[in-house]
Amino acid sequence: MFTGTIDCIVGAQVQTTYDVLVVGGGPAGSTAAGLLAQQGHRVLLLEKARHPRFHIGESLLPANLPLLERFGVADEVRAIGMEKWAAEFVSPWDGRHHEYQFANAWDKSMPFAYQVRRSQFDEILIRRAAELGAEVIQGCRVRELTFTAGGVTAQAEYDDGRTQEFQADTVIDASGRDTLLGNRLKAKRRSKRHNSAALYAHFSGVPRAGDRSAGNIGIYWFEHGWFWVIPLADGATSIGAVVWPSYMKTRDTSAREFFLRTIALCPPLAERLKDATLCSEVEATGNYSYSCTHCHGERYFLIGDAYAFIDPVFSSGVMLAMVNAFAVAEAIHSIKTEPKRARAALRKFERAMTHGPKHFSWFIYRVTNPSMREMFLEPRNILRMEEALLSVLAGDIFGRTPIWGSLRAFKVVYYLYSFSHLGRTIKAQRQRAFNIRGDAKHAANG
């Protein structure tokens, strides 16, 4: 049993019991709520903010598109999205770059994705959840969850200060980086292998190509991490720096000035932005990579960023959130309609939850390593390794595309290449260990 400790509410009116309470109206929560309501379950979704609201993570993957079709929002997303046909990786040290066209992935049927403003995208999803029959309440933050043998009671606070209790048989924590249950269950663990922070903002006037490559996402490496460049359909461009804590702790000025100073450390990006204008506030966030020790328990499930968040270099966040949502909806529906299959349903859900982070993380932990950079900048399609890598970049890791043998070959080549440059590899590993630890004094002096 778990009982929260915040803002205990006395005398609040208790709602009729729902089958499922969903906490959070981002891509994971809205999709799960809509799917479960569509299956005939009584679903309540509580979202602390009011849509539209700003959110980072604007780049979708080609593997997102079939999920959008299944959820019934493909046309609406197409109307707000900018087509993204490729991902470009840029080295500031020698001017090299390589463009990965999604059409060249193993499965040729998913050649593009979209860049979207998350305020618009997330609003489309939560509106769809309501259309499918979920009861949606915005501006209502869950303050406490109390679990008993009979169900779950949520004590919630509206943004005008009113309080109310809601009861449900099962709760889905889709609270994102708030990690509501992960924190209260003490199940959240910072990644020991990867640790980063981020600065990000929107710019206007960023030059773009005149063809369909205008919507490409750009990944720029630099000494302290990497940058994303995401063009949006309305002319704005999302720019973000994902950096080591050791670098972030050297900040001695405003977020705006520090961000602009960080951009100057990457000459190819600085040149691209020389005539651009910062058109939003600069945001900063830390604790960028974590996971929870488990993804479900008695009467609860954790999905999306409420379960795990990994470095966004491959733009996997929204896709993993929606995959999680389809998985939890299938699991809950199976448990409620065929109780004898509950154990099998939970095992299948666990596999779906851990599969994505596991396979993306192998690349993410190594993407700043010199050997991995070399392989990304000069790919070879021996044994179809480049096609398999493109499938990962496209998010095609959940279906039946037979990429795994080629990915194993890619990893073998990576380890051999790293061993052949052993001195450089050891130096990079030591630097990474220092960067993750975040020794600010040493970083400032070094």
Side-chain angles (χ1 to χ4, degrees), residues 1-2 16-24 27-46 63-64 66-72 125 128-129 132-135 145-154 166-175 180-182 185 187 291-308 319-359 395-402 404:
M1 178 192 298
F2 159 68
T16 302
T17 298
Y18 294 86
D19 295 320
V20 183
L21 165 66
V22 180
V23 181
S30 293
T31 305
L35 291 171
L36 285 163
Q38 188 178 41
Q39 292 169 332
H41 303 286
R42 185 171 187 188
V43 181
L44 172 65
L45 187 159
L46 299 180
N64 272 121
L67 302 177
L68 299 175
E69 290 280 358
R70 290 170 62 188
F71 198 52
L125 295 184
R128 178 59 174 164
L132 291 173
E135 183 177 341
L145 290 170
T146 302
F147 290 77
T148 66
V152 186
T153 299
F166 300 93
Q167 289 186 334
D169 179 70
T170 302
V171 64
I172 297 174
D173 182 3
S175 61
L180 178 68
L181 277 176
L185 294 169
S291 63
C292 292
T293 57
H294 57 283
C295 58
H296 68 86
E298 187 68 27
R299 297 190 181 276
Y300 67 84
F301 294 82
L302 287 69
I303 63 172
D305 292 353
Y307 168 65
M319 188 206 71
L320 291 180
M322 294 190 70
V323 167
N324 292 175
F326 276 87
V328 78
E330 180 181 352
I332 291 174
H333 183 67
S334 179
I335 290 167
K336 289 184 177 297
T337 56
E338 301 179 78
K340 292 181 180 180
R341 297 189 62 248
R343 186 170 297 179
L346 290 173
R347 285 198 298 267
K348 184 176 181 181
F349 172 69
E350 289 173 0
R351 289 195 297 270
M353 292 296 297
T354 58
H355 182 80
K358 173 185 174 182
H359 290 289
D396 185 18
I397 63 172
F398 289 94
R400 298 183 178 180
T401 308
W404 305 108

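Given the structure is predicted, the values throughout are model-derived calculations rather than measurements.
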Between NE2 of His355 and CD of Glu350, what distance do you get to the nearest 0.5 Å? 15.0 Å
Please find the pair of heavy atoms, one from Ala352 and one from Ala327, that lie closest to each other, and give the distance. CB-CB, 3.8 Å
Kindly compute the distance separating CG (Asp173) from CG (Leu302), expressed to the nearest 0.5 Å. 5.0 Å
If you look at every heavy atom in Ser334 and Ala345, which pair is closest and at what distance? OG-CB, 3.8 Å
Listed partners of His294 passing side chain to side chain donor-acceptor pair (under 3.5 Å), at least two apart: Tyr300
Between Arg70 and Phe326 the two heavy atoms that sit nearest each other are NH2-CD2, 3.2 Å
In this structure, CG of Leu45 is separated from CD of Glu135 (nearest 0.5 Å) by 10.0 Å
Taking the side chain as C-beta and beyond, is there a heavy-atom pair between Leu180 and Leu145 under 4.5 Å? yes
For the residue pair Phe166 and Tyr18, does the interplanar ring angle fall in the parallel (under 30°), tilted (30 to 60°) or perpendicular (over 60°) class? tilted
Atom pairs and distances, donor-acceptor, side-chain atoms in residues 28-40, under 3.5 Å, two or more places apart:
unit_1 : atom_1 : unit_2 : atom_2 : d
Ser30  : OG     : Gly25  : O      : 3.1
Ser30  : OG     : Gly26  : O      : 3.2
Thr31  : OG1    : Pro27  : O      : 2.6

Min side-chain heavy-atom separation Asp305-Leu320 under 4.5 Å: no
Minimum-distance pair of heavy atoms, taken over all atoms of Asn324 and Gly304: OD1-N, 2.9 Å
Any chance you could measure Ser291, atom OG, to Met353, atom CE, to the nearest 0.5 Å? 10.5 Å
What's the spacing between Ile303 CD1 and Ile172 CD1 if we round to 0.5 Å? 5.5 Å
Between OG on residue Ser175 and CG on residue Leu46, distance to nearest 0.5 Å: 12.0 Å
Under the side chain to side chain contact (heavy atoms under 4.5 Å, CB included) test, residues paired with Lys358 that sit two or more places apart: none
Mind checking whether Leu68 and Met322 have side chains closer than 4.5 Å, heavy atoms only? yes
Looking at residues at least two apart in the chain, or sitting in another chain, which of them share a salt bridge (Lys or Arg N to Asp or Glu O under 4.0 Å) with Asp169? Arg299, Lys336
Can you tell if the side chain of Val152 reaches within under 4.5 Å of the side chain of Gln167, non-hydrogen atoms only? no
Those residues that, when tested against Arg341, pass salt bridge (Lys or Arg N to Asp or Glu O under 4.0 Å) (two or more places apart): Glu338
Which pairs with one or both residues in residues 329-350 pass ring pair (Phe, Tyr, Trp, His ring centres under 6.0 Å), sequence neighbours excluded? His41-His333, Phe301-Phe349
Are any non-hydrogen side-chain atoms of Leu67 and Val323 less than 4.5 angstrom apart? yes
